[in-house]
Structures are given as C-alpha cells and as structure tokens.
Enquirer: 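This is the structure I want to talk about, given as structure tokens.
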Amino acid sequence: MTQESAVRVRFAPSPTGFFHIGSARTALFNWLYARHTGGTFVLRIEDTDSARNTPEALAALLEGMRWMGLDWDEGPEAGGDVGPYFQSQRTAIYAEYLQKLIDNGRAYEQDGAIFFKLLGERYTEFDKYKNAELEKVRTEPVTVHDAIRGDVTRAVETDFVLRRSNGDYGFHFVNVVDDIAMNITHVIRGEDHLSNTARHVEIYRALGAEPPVFAHIPLILKVDGKGKMSKRDEGSLIEEYVKRHFIPEAVRNFLCLLGWNPKDGQEIMPIAEIIERFDFDGVQKEGARFDEKKLSHINTEYLRALPVETFCWMAGPILAEAGVIDESTGEDYLHAVLAISQEKARDFEGLSELVRYFFTEDFTIDSGARERVFKKGEPMARLAELVPALEQLDSWLDSDIDHAILGLAEKKGQRKFDYFPIARLAVSGQAGGPDLLALLRVLGKERVIARMRGFAEAAT
RNA sequence: GUCCCCAUCGUCUAGUCAGGUCUAGGACACUGGAUUUUCAUUCCAGCGACCGGGGUUCGAAUCCCCGUGGGGACGCCA
C-alpha cells in the first residue's frame with residue numbers, strides 16, 4: 001500500500017464556486033485509489049470557461065477539498081512535472097496535439113471550427129432528437145474496458161468538435177490530451193461520462209496513445225424524485241455540511257459508503273482502513289440515493305467518539321458564533337458544560353440549543369417538558385422541599401447532591417426520582433439533557449438555588 | 001427518439017462473477033420491550049426485499065432471453 005506505484009489518477013473539476021457532493025465523491029474515490037495503490041493524485045483545473053471561473057470559485061473548490069481531507073500530489077499550489085495544472089494555461093499543448101490530428105488527417109475545419117474525423121462510410125440520416133439531417137459515419141464500435149462494469153461497447157457515429165470557432169478547445173479533446181500529457185493511468189469518474197468514453201477512446205487511438213483504465217462510478221441520485229442530485233437539490237453542496245458543522249471525517253466516511261462497501265458490513269472505519277480496503281471490486285454499479293439520516297447517524301458516532309478535548313476545541317467557535325458564549329465565558333465552566341453534554345449531543349448543529357441555558361438566566365421553560373413533568377405527582381411540593389435541602393449543603397459534588405436528595409426522599413416518604421424531573425425543569429427549562437447530578441454540579445449551587453426559587457415564584 | 005449502463009428490505013448494501021450452505025445477512029430509519037432520575041446510550045425483539053415472465057438445470061437471488069422499471073449520454077457545455 002505504501003509502495004510507490006505507477007498509478008496516476010486525476011480529479012479534474014471545473015470551478016463553479018461550489019463543491020458538489022458528486023464531485024466530492026469522485027475526488028474522494030480517485031484519492032482513495034491513489035492512496036490505496038501508492039500512486040499519484042493529480043488535481044487539474046478545467047477552467048476553460050473563463051466567464052464563470054473566478055479566483056473565488058477556485059478557492060471554494062480547494063477549500064472543499066481540504067475540508068474533506070483530500071490532499072493532492074500535483075496541481076495548484078502543489079506543482080508537479082507535467083503542469084501547468086490549469087487548462088487555461090495549456091493552449092499551446094492543445095494546439096500541438098491538434099496539429100498532430102490535422103497532419104494525421106483525423107481533423108478538419110468546418111465553419112471555423114475543427115472537427116474530429118471518424119473513420120468509416122458516411123451517410124446522411126434524419127436525427128429525431130436533434131431534429132435535423134445529420135452526416136453519420138458507420139464506424140467500428142469501440143469497446144471500453146471498464147474496471148467496474150466490464151466491457152462496454154458503443155459506437156460514435158458523428159464527428160464532433162475539437163476546437164470551437166471562437167478558438168476554445170472542446171471538453172472531450174482537452175480532457176484526453178491532458179490525460180495523455182499527464183500520464184494518467186486510471187480515469188475514475190462519474191457514470192455520466194460512460195457514454196462519452198467511446199469518443200475519448202477514438203481520440204486516444206487517433207493520437208496513437210494507449211487509453212487508460214476507465215472506472216465509471218455510480219451517480220448520486222436525488223433523495224426523492226427523479227434523476228441525479230444536482231446543485232439545486234437540498235444537501236447537494238459540501239458547503240452546506242461545513243456550515244452545519246458536520247464533522248468532515250464523518251461526511252467523508254459516509255461518502256465512501258455511497259457506492260462502495262468493504263463487503264463485510266463494516267461501515268464506520270478510520271480512513272486508513274478504508275484506504276487499505278478500497279478497490280474497484282467493492283464499487284457498486286447502481287446509482288445511490290443520498291440518505292441524510294444515515295449521514296447524521298455516522299456524524300453522531302464520530303461526534304461521540306471525539307476526545308473530549310477535541311470536542312471542546314471544535315464546539316467553542318460554534319457556540320460563540322451562535323451567541324451562546326462570548327469572551328467573558330469562563331474557560332473552565334465552558335469545558336465542564338461541554339464535558340457533560342458531549343454524550344447527549346447528536347450534532348454540533350443542535351449543540352447551541354442543548355447547552356444554551358448554562359450560559360444565560362434568560363432561558364425559557366419548554367411547555368412540552370413542563371406538561372410532562374406536571375403530569376404526575378406534586379412537583380411543586382417536591383421543589384419546595386428540595387430547595388432548603390440543597391441549600392444546606394457545604395460541598396457540591398455529584399455524590400453530595402445525590403445523598404441530599406436521597407435523604408430528603410426518605411424523610412418525606414418519597415422516591416428519589418420524584419425530585420429529579422422538577423429539579424431539571426426548574427434549572428434548565430427542559431425535560432432532557434445531561435445527567436441531572438452533573439448538571440446541578442456544573443451549574444453551581446448558587447445558580448441552582450436561584451433558579452429553583454425563581455421557578456417556584458413564577459408558578460405562584 | 002437512438003444508444004449505453006443498471007435492477008435484493010423505505011434507504012445504503014452483503015450474497016450474483018466460480019448455481020445448492022439463502023426459510024436472503026448487516027446498517028440507517030421505523031415499531032415494541034428491557035435497563036434508566038430525565039434525555040440519550042446500550043441490549044433484545046419486530047417490521048421489511050430477490051421487478052415480472054419465460055427458459056437452462058435435479059436445483060436460480062445467482063446463468064440466458066424478453067418485458068418493465070430506474071439512471072445516463074446524445075452541444076461549437078464541462
């Protein structure tokens with residue numbers, strides 16, 4: 001695995017300003033394969049469309065890659081021997097390869113554009129889809145050897161544009177030229193390119209180059225409805241998960257599982273293990289539907305597994321951003337709150353609401369929680385008994401509080417847990433949250449007594 | 001419309017390539033129960049699928065064909 005290999009894969013996005021989940025997974029699979037084989041992962045920017053390619057768009061892309069933990073060996077900021085890694089800077093190379101095809105007799109000019117010339121008998125046919133008379137070519141069908149799907153045979157029957165009349169080069173051409181010039185050995189890309197591949201192979205052959213190994217991975221489909229997930233769909237942008245404070249390793253782990261699996265049911269795995277086990281044999285052929293419930297589950301697992309120090313370090317900025325804490329918040333107190341909250345949290349997105357009452361006296365009493373607590377027993381009576389009992393305490397450890405409540409219960413002929421729900425409600429306004437004893441301890445005696453008194457007064 | 005790819009629980013999937021061990025396994029979600037001071041965790045149980053039809057075979061989720069369904073490609077977009 002760590003052995004050097006000749007494998008060279010590439011991820012060739014066109015910067016649009018967003019990092020689409022499908023692109024992210026294509027990048028991920030390429031990266032996994034490179035790391036698995038000890039090969040080289042190349043990042044090539046397909047920025048031929050100058051109109052929509054901005055520095056911001058590129059930055060967004062690179063940021064997304066970094067967030068996902070996908071490091072590239074060659075490309076922007078990394079350099080490499082076969083650059084430049086921006087298509088916009090490679091026109092001289094394209095011109096050179098195009099000249100080869102012209103010299104070959106495999107390219108010709110028409111209406112100011114340069115077309116690729118297919119080999120075979122020509123005839124004219126009315127094409128229903130394009131609703132026009134078209135010149136078609138009876139070509140020898142091309143068989144593509146796909147590492148995931150096996151042999152796929154498809155014929156290309158119309159000449160296509162290599163260079164547009166405005167001087168820009170077409171996608172199919174530059175894509176192949178770059179892959180040849182960059183010595184790409186494995187092309188791992190979305191299944192939407194499968195039909196284009198025959199065209200690409202034609203170009204390889206015309207250029208006298210050996211086609212790489214192709215591996216077409218399944219597409220990510222909409223959660224509901226038809227078709228593949230597009231940038232307009234909810235949840236389709238990596239940026240969204242960044243904003244919602246998902247754990248990048250969790251998102252990456254989830255994406256690995258969309259279309260690939262290790263066959264033994266293992267799902268949550270350190271990336272090193274996934275790298276070791278990743279191969280084309282485990283890649284699915286069918287499109288996969290994006291299931292955010294599962295993503296959330298994996299994210300929660302990662303969250304709970306975080307070392308408490310890491311959890312605190314990650315939570316701080318999020319709580320600050322939500323206005324739950326500020327510079328005046330004590331380090332130790334914050335740490336204590338987070339330490340008892342981590343196991344109850346599902347995600348960073350909901351953490352702020354989960355812990356808000358720790359940091360303000362201006363919290364509300366949840367009506368649903370209130371209803372539940374008041375459903376049975378005499379909570380107000382219990383609360384009235386509780387306040388003086390707690391007030392007497394000199395020491396405020398979990399065990400001290402526990403003993404006090406237990407003693408009180410025995411004296412009053414109640415059960416210990418007759419006091420718990422109302423205590424929690426009075427100090428937090430909630431019916432759920434961290435372990436009650438820990439919660440009271442962290443809140444501190446003063447605050448607990450004050451809140452309980454306040455609650456009792458408000459109720460009368 | 002033409003061509004290409006695909007087809008197991010609601011979803012992600014194992015099993016398909018090398019037919020029997022599959023009364024089809026796991027995970028998410030959902031439901032119920034146990035534990036529990038709340039919430040959650042954990043544990044147990046339940047729900048739930050081989051798209052249809054033909055064939056081949058002693059035997060098919062697995063192989064073949066047709067149908068249907070889903071996805072994709074058919075730009076002087078990438």
Side-chain angles (χ1 to χ4, degrees), chain A residues 12-16 46-49 52-53 87 110-115 125-131 134 136 141 144 146 148-150 152-158 160-172 174-175 190-199 216 218-219 221-224 226-228 254 257-268 281-282 284-298 300 304 341 343-346 354 369 372-373 402 405 409 415-425 428 430-437 439:
Chain A
S14 126
T16 56
E46 306 217 334
D47 59 346
T48 48
D49 187 344
R52 58 180 196 204
N53 290 312
Q87 284 188 337
Q110 189 181 48
D111 302 331
I114 311 282
F115 282 75
E125 193 181 83
F126 184 78
D127 187 290
K128 266 189 166 175
Y129 179 77
K130 290 182 185 165
N131 196 31
L134 243 55
K136 299 200 170 175
V144 176
D146 190 282
I148 293 164
R149 285 148 214 283
V152 177
T153 304
R154 189 171 195 266
V156 189
E157 50 180 14
T158 53
F160 52 92
V161 172
L162 297 174
R163 197 186 73 183
R164 296 193 273 277
S165 52
N166 69 0
D168 287 350
Y169 290 90
F171 163 74
H172 300 300
V174 296
N175 199 260
E191 198 199 334
D192 49 343
H193 287 291
L194 186 56
S195 304
N196 293 149
T197 308
R199 206 176 266 123
H216 287 94
L219 266 22
L221 273 24
K222 282 185 210 279
V223 186
D224 38 41
K226 292 185 166 231
K228 57 177 175 177
F254 170 71
L257 263 17
L258 258 194
W260 173 83
N261 78 83
K263 311 240 180 214
D264 65 355
Q266 274 267 71
E267 295 195 318
I268 295 175
D281 197 47
Q284 202 70 12
K285 294 193 188 80
E286 196 189 2
R289 236 164 261 276
F290 190 89
D291 181 7
E292 199 187 303
K293 290 253 180 65
K294 186 117 180 187
L295 203 207
S296 292
H297 170 253
I298 292 175
T300 300
R304 302 243 163 102
S341 302
E343 60 170 341
K344 308 295 175 180
R346 294 200 66 80
L354 199 65
R372 260 185 289 165
V373 171
D402 193 31
I405 300 178
R415 290 172 309 171
K416 180 172 97 174
F417 49 78
D418 288 330
Y419 294 89
F420 276 61
I422 185 59
R424 177 185 294 281
L425 184 71
S428 74
Q430 300 295 314
D435 178 84
L436 181 67
L437 298 173
L439 164 62

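A note on names: the letters A, B, ... follow the listed sequences, proteins ahead of strands, and every chain is numbered from 1.
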Enquirer: Nearest to the side chain of A/H297, which nucleotide is it out of B/rA27, B/rC12, B/rC39?
Expert: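 Nearest to the side-chain atoms of A/H297, counting from C-beta on, is B/rA27.
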Enquirer: How would you label the contact of A/R154 with the nucleic acid (heavy atoms, under 4.0 Å): base, sugar-phosphate, or nothing?
Expert: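 Base contact.
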Enquirer: With heavy-atom distances below 4.5 Å as the criterion, would you say the side chains of A/E157 and A/L134 are in contact?
Expert: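 Result no, sub-4.5 Å side-chain heavy-atom pair not found.
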Enquirer: Does a side-chain N or O of A/Q284 approach OP1 or OP2 of B/rA14 to a distance below 4.0 Å, or not?
Expert: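 Yes.
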Enquirer: Assign A/G190 to base, sugar-phosphate, or nothing according to its heavy-atom contacts below 4.0 angstrom with the strands shown.
Expert: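 Nothing, no heavy atom under 4.0 Å.
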Enquirer: Rounding to the closest angstrom, what is the interatomic distance between B/rG1 and B/rU62 at atom C1'?
Expert: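 Going atom to atom, C1' in each nucleotide, I get 34 Å.
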Enquirer: Report yes if a side-chain nitrogen or oxygen of A/R164 is closer than 4.0 Å to either non-bridging phosphate oxygen (OP1 or OP2) of B/rA78; otherwise report no.
Expert: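 A/R164 to B/rA78 OP1/OP2: side-chain N or O found under 4.0 Å.
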Enquirer: What's A/E286 touching, base or sugar-phosphate or nothing? Going by heavy atoms closer than 4.0 Å.
Expert: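 Result for A/E286 = sugar-phosphate.
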Enquirer: For A/E191, answer base if it contacts any base atom (sugar-phosphate contacts may also be present), sugar-phosphate if it contacts only those atoms, and nothing otherwise; contact means non-hydrogen atoms under 4.0 Å.
Expert: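 Base contact.
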Enquirer: For A/T153, which contact category applies under a 4.0 Å heavy-atom criterion: base, sugar-phosphate, or nothing?
Expert: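 The answer is sugar-phosphate, as A/T153 gets under 4.0 Å only of primed atoms, P, OP1 or OP2.
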Enquirer: Closest to the A/V161 side chain: B/rC12, B/rC76, B/rU37?
Expert: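 Taking heavy atoms from C-beta onward, the closest nucleotide is B/rC76.
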Enquirer: Is there a side-chain contact between A/K226 and the phosphate of B/rG70, meaning an N or O under 4.0 Å from OP1 or OP2?
Expert: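 Answer is yes, contact under 4.0 Å.
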Enquirer: Return yes if the base of B/rA29 and the side-chain atoms of A/K294 contain a donor-acceptor N/O pair under 3.5 Å, otherwise no.
Expert: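 No pair found.
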Enquirer: Would you indicate, yes or no, if B/rU13 has its OP1 or OP2 atom less than 4.0 angstrom from a side-chain nitrogen or oxygen of A/N261?
Expert: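 Negative; the distance criterion is not met.
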Enquirer: Give one of base, sugar-phosphate or nothing for A/A288, where a contact means two heavy atoms less than 4.0 Å apart.
Expert: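 Sugar-phosphate, no base atom in range.
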Enquirer: I'd like to know if A/D402 pairs up with A/K416 as an ion pair, taking the criterion as any Lys NZ or Arg NE/NH1/NH2 lying under 4.0 Å from an Asp or Glu carboxylate oxygen.
Expert: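 Yes, A/D402 and A/K416 are salt-bridged.
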Enquirer: Look at the side chain of A/K285 against the base of B/rC5 and say whether a donor-acceptor pair falls under 3.5 Å; ignore hydrogens and angles.
Expert: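 For A/K285, whose side chain was compared with the base of B/rC5, there is no donor-acceptor pair (under 3.5 Å).
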Enquirer: When all nucleic acid strands are considered with a 4.0 Å heavy-atom cut-off, which category describes A/R304: base, sugar-phosphate, or nothing?
Expert: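 Sugar-phosphate contact only - A/R304 comes under 4.0 Å of backbone atoms but never of a base.
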Enquirer: Heavy atoms only, 4.0 Å cut-off, all strands: where does A/L194 land among base, sugar-phosphate and nothing?
Expert: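 Result for A/L194 = sugar-phosphate.
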Enquirer: Report the residues that fulfil ring pair (Phe, Tyr, Trp, His ring centres under 6.0 Å) with A/Y419, sequence neighbours left out, ordered by chain and then residue number.
Expert: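 Result, ring pair (Phe, Tyr, Trp, His ring centres under 6.0 Å) vs A/Y419: none returned.
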Enquirer: Using a cut-off of 4.0 Å on non-hydrogen atoms, how would the nucleic acid contact of A/H172 be classed: base, sugar-phosphate, or nothing?
Expert: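 The residue A/H172 makes base contact.
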Enquirer: Donor-acceptor check, side chain of A/R304 to backbone of A/A345, threshold 3.5 angstrom: yes or no?
Expert: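 Yes: the side chain of A/R304 pairs with the backbone of A/A345.
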Enquirer: Would one find a side-chain N or O of A/K222 under 4.0 angstrom from OP1 or OP2 of B/rU11?
Expert: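 Indeed not, no polar side-chain atom of A/K222 lies that close.
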Enquirer: Please state the C1' separation for the pair B/rU35 and B/rG59 - nearest whole angstrom.
Expert: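 B/rU35 and B/rG59 have their C1' atoms separated by 48 Å.
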Enquirer: For a quick check of understanding: with a heavy-atom distance under 4.0 Å over all strands, which category does A/F417 fall into, base, sugar-phosphate or nothing?
Expert: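 Sugar-phosphate, no base atom in range.
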Enquirer: Look at the side-chain N and O atoms of A/K263 and state whether any lies under 4.0 Å from the OP1 or OP2 oxygen of B/rG15.
Expert: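 Checking A/K263 against B/rG15: at least one side-chain N or O falls below 4.0 Å of OP1 or OP2.
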Enquirer: Please work out if A/D435 contacts a base, only the sugar-phosphate, or nothing of the nucleic acid, heavy-atom cut-off 4.0 Å.
Expert: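 Contact class for A/D435: base.
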Enquirer: With a non-hydrogen cut-off below 4.0 angstrom, is A/D146 in contact with a base, only sugar-phosphate, or nothing?
Expert: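 Counting heavy atoms under 4.0 Å across all strands, no contact is made by A/D146.
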Enquirer: Go through the N and O atoms of the side chain of A/S195 and the base of B/rC74, and report whether any donor-acceptor pair is under 3.5 Å.
Expert: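 Absent.
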Enquirer: For nucleotides B/rC3 and B/rG48, find the distance between their C1' atoms and express it as a whole number of Å.
Expert: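 Result for the C1' pair: 37 Å, nearest Å.
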Enquirer: For A/G259, answer base if it contacts any base atom (sugar-phosphate contacts may also be present), sugar-phosphate if it contacts only those atoms, and nothing otherwise; contact means non-hydrogen atoms under 4.0 Å.
Expert: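 If one applies the 4.0 Å heavy-atom cut-off, A/G259 turns out to touch the sugar-phosphate alone, with no base involved.
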Enquirer: May I ask you to say what A/K293 touches in the nucleic acid, namely base, sugar-phosphate or nothing, with a heavy-atom cut-off under 4.0 Å?
Expert: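 Sugar-phosphate only.
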Enquirer: Quickly work out the A/L134 CG to B/rC74 P distance and round it to whole Å.
Expert: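 Roughly 14 Å, once rounded to whole Å.
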